[in-house]
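Take a look at the structure below.
This one's a predicted model, so the numbers in the text were calculated from it and none came from an experiment. Residue numbers begin at 1 in each chain, while the letters A, B, ... track the order of the sequences.
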Amino acid sequence: MLDHEYTTKVVFRENFFKDWRKEMTHEERSLIQDLDKCDFGEIHAMHKAKTEARKNMSKEEKQALKEANQKIVDEYGYCLLDHHKERIGNFKIEPPGLFRGRGEHPKQGMLKKRIQPEDVIINCSKDSRIPVPPAGHHWKEVRHDNSVTWLVSWTENIQGSNKYIMLNANSKLKGEKDWEKYEVARKLKSRVDDIRYQYLQDLKSKQMVTRQRAVALYFIDKLALRAGNEKEEGETADTVGCCSLRVEHITLHEQLDGNECVVEFDFLGKDCIRYYNKVPVIKKVFKNLKLFLENKQPGDELFDRLNTNVLNKHLSSLMPGLTAKVFRTYNASITLQQQLKELTNSQSHLLAKLLSYNRANRAVAILCNHQRAPPKTFEQSMANLQAKIDARKEQLALAKTELKQAKKEAKTKGNSDPKLLVERKKAAVKRCEEQLLKLEVQATDREENKQIALGTSKLNYLDPRISVAWCKNMEVPIEKIYNKTQREKFAWAIDMTEADFEF
DNA sequence: GAAACGACTTAGTAGATGGTAG
DNA sequence: CTACCATCTACTAAGTCGTTTC
């Protein structure tokens, strides 16, 4: 923690020190008045030593630890729901620590308190074996509410929001909800032409709200922006989505890079991830934006008549279950399907197919702006890979020469032994080529993926049935695109999907 | 009707895990 | 066998959106 960037931030330090002082005794409080004079070196060293010790544990010790952990999972990691044993997602209460918000969070560094049994609400059925609180403690409440899915909840002290213990993604309950989500998105597919026609008409409306709603929808649909709920100022980092965009977040260009009517977006979205994009838009949208910006200052809302409530009310009137985020799901999934169709060829090599799959996935991640910090060792690992490629190339060249040599010998000598040698050398060349291809594909994939995170879209936006059907059509084993956890989460799709599935 | 609340999904990251090259 | 590194998993913050409260 001490070597983390957080400790250099003023807000973090101030919040931490303020909360720390609250925990001090009188004497400590009078003694410790300046964080800059505090030396945490000793405790930091202790921590480091502990991690080091853990790393250096013997095989047996590691095994014992693993078994002990498994025992905890066996005992606390499952529940019974409608007579089915289900895995719980997060069954451990969050431990105390210093709050680490993302970006310039005003509460970073505050002390996140330890949760006591007295803070915890248990939710289970009346006839179940109610968990016993630790000795000398009692639960805040035991309730039996079957209209919600959580098993345990407590209130966290930083934002005052509720935290929950819920089921694992592979549970029947979560699986069914996931399926429903994609079914709503598929329904949007059948309605989207009408809805688009409608909002394009609305761009000309006499009502300001309607125009603003139409432009917002245009962005949400075309750019997969999030809805953008209002946030309480000073409670969280300053981030925005579509409806909460402010004047300073867009710049209009009549002309830019050879395009007309270009909108330049630059704002921080969820998790303080920057959204930067220059997008040519249709004239009507551009004119409306100019209108919305009239007589406004930076800091003013772009869509001053609009909020997510108004927008979603309208959307649900167009189609039951339709909200802003359905557009993200729909556009992500339809993009994957189109890209897969465009990029893959059933005749190509398995590795080439997988590269295409990743590229299709990548197109979606870019659309949804799913970014990651470039891995700290990126340059190094790229260089390592290149070195491997070079080595393999050399090896291949060598193998080829040896093959030629062997062929020559086989001709001149003509007995059976050299023939065998030729076959062996041929095989060596082939193996080399395979490995080289694999490395080269890996290098391309990794380079293109430097700042892009594929996981989020794979897990939350892409209808798994598209991928399952693709695997069947392309004769790609499902394990190549989904790891064990992902296969468990998408078991419903793997079970039910035929090769002819269309999103 | 707007602010607050509650429940749920979506998000990036840190650290654990485990496979592989040397 | 060990060190390295990519991948996986756990963690928890930060959104969305419907409901409740005032």
Side-chain angles (χ1 to χ4, degrees), chain A residues 1 4 51 54-56 59 62 65-66 69 73 77 89-95 97 99-103 105 107-108 112 121 123 145 147-150 153 155-156 158-169 173-174 177-178 180-181 226-232 235-237 239-244 268-273 307-313 315-316 321-329 332 365 368-373 375-378 380-382 384-385 387-388 391 442 445-446 449 451-461 482-486 488-489:
Chain A
M1 188 85 186
H4 198 281
T51 23
R54 195 160 351 114
K55 230 170 66 186
N56 293 330
K59 229 179 191 173
K62 280 184 183 167
L65 193 67
K66 203 178 164 187
N69 282 334
V73 174
N90 56 327
F91 60 88
K92 293 176 181 166
I93 293 272
E94 294 174 19
F99 176 75
R100 301 160 73 149
R102 314 262 163 85
H105 196 115
K107 299 194 171 185
Q108 62 189 106
K112 193 167 99 167
I121 303 173
N123 187 36
D145 181 355
S147 69
V148 294
T149 71
W150 54 267
S153 79
T155 305
E156 150 271 347
I158 305 288
Q159 321 265 5
S161 64
N162 292 345
K163 298 267 187 163
Y164 304 92
I165 286 180
M166 291 180 182
L167 294 187
N168 189 275
L173 184 85
K174 295 280 189 187
K177 284 215 158 192
D178 211 30
E180 279 169 22
K181 173 179 79 183
R226 295 188 185 82
N229 286 303
E230 317 80 308
K231 301 170 71 181
E232 219 177 320
E235 295 292 302
T236 58
T239 62
V240 297
C242 185
C243 293
S244 50
L268 296 181
K270 180 175 177 180
D271 293 307
C272 285
I273 298 295
N307 60 42
T308 53
N309 208 344
V310 171
L311 181 69
N312 281 333
K313 282 253 167 69
L315 288 176
S316 71
L322 186 61
T323 61
K325 83 187 187 83
V326 178
F327 281 89
R328 250 168 103 78
T329 312
C368 294
N369 201 38
H370 291 142
Q371 298 187 26
R372 62 166 183 172
K376 286 191 187 74
T377 55
F378 186 83
Q380 186 54 52
S381 81
M382 225 41 218
N384 288 351
L385 195 55
K388 271 192 199 169
Q442 210 182 346
D445 210 24
R446 198 183 298 174
N449 232 20
Q451 300 204 63
I452 297 166
L454 299 186
T456 303
S457 49
K458 206 180 211 177
L459 238 44
N460 300 300
Y461 288 101
Y482 288 145
N483 67 31
K484 186 165 151 280
T485 332
Q486 293 164 342
E488 282 172 9
K489 167 166 177 164

* Most 5' of A/Q486 and A/N229 on DNA chain C, judged by nearest nucleotide -> A/Q486
* Using heavy atoms to find the nearest nucleotide of DNA chain C for A/E156 and A/N168 separately, return the residue whose nucleotide is more 5′. =>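 On the 5' side of the pair lies A/N168.
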Taking 4.0 Å as the cut-off, does a side-chain nitrogen or oxygen of [X] come that near to OP1 or OP2 on [N]?
X	N	result
A/K174	B/dT9	yes
A/S153	B/dG6	no
A/H105	C/dA14	yes
A/R446	C/dA6	yes
A/H4	B/dA14	yes
A/Y164	B/dT9	no
A/N312	C/dC17	yes
A/K231	C/dG15	yes
A/R102	B/dA14	no
A/T456	B/dA11	no

Close side-chain approach of [X] and [Y], heavy atoms under 4.5 Å:
X	Y	value
A/I121	A/W150	yes
A/Y164	A/N90	no
A/R102	A/T239	no
A/S161	A/E156	yes
A/R328	A/C368	yes

* Can you measure from CD (A/Q159) to NE2 (A/H105) and round to the nearest 0.5 angstrom? => 4.5 Å
* Measure the NZ-CG distance between A/K174 and A/L167 for me, rounded to the nearest 0.5 Å. =>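 Rounded to the nearest 0.5 Å, the NZ-CG separation comes to 7.0 Å.
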Output the rounded distance in Å from [atom1] ([X]) to [atom2] ([N]).
X	N	atom1	atom2	result
A/K163	C/dA13	NZ	C1'	6 Å
A/N307	C/dC17	CG	P	12 Å
A/R372	C/dA13	CZ	P	23 Å
A/D271	B/dT9	CG	P	17 Å
A/K313	C/dT19	NZ	C1'	11 Å
A/N162	B/dC8	CG	C1'	12 Å
A/D178	B/dT10	CG	P	7 Å
A/R100	B/dG15	CZ	C1'	11 Å

Remember a base hit wins even if backbone is also touched, and classify [X] as base, sugar-phosphate or nothing at under 4.0 Å, heavy atoms.
X	result
A/K112	sugar-phosphate
A/A237	nothing
A/T149	sugar-phosphate
A/T51	nothing
A/G228	sugar-phosphate
A/K325	sugar-phosphate

* Structure fact -> Walking DNA chain B from its 5' end, the first of A/V148 and A/Y461 to be reached, judged by nearest nucleotide, is A/V148
* Structure fact -> DNA chain B nearest-nucleotide lookup for A/M166 and A/N309: closer to the 5′ end is A/N309
* Asked: Between the main-chain N or O of A/G101 and the side-chain N or O of A/K107, is there a donor-acceptor pair closer than 3.5 Å?
  ->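 Side chain of A/K107 to backbone of A/G101: no pair is present.
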* Short side-chain to backbone donor-acceptor contact, A/D271 and A/I273, under 3.5 Å -> no
Nucleotide nearest [X] (side chain, heavy atoms from C-beta), chosen from [options]:
X	options	value
A/A227	C/dC11, B/dT10, C/dT16	C/dT16
A/T239	C/dC11, C/dT12, C/dG15	C/dG15
A/E94	B/dA7, B/dA11, C/dT12	C/dT12

Table of protein N/O atoms under 3.5 Å from nucleotides 18-21 of chain B N/O atoms:
none

* **Considering all heavy atoms, the nearest A/I165-A/F91 contact** =>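 Closest approach of A/I165 to A/F91, heavy atoms only: CD1-O, 3.6 Å.
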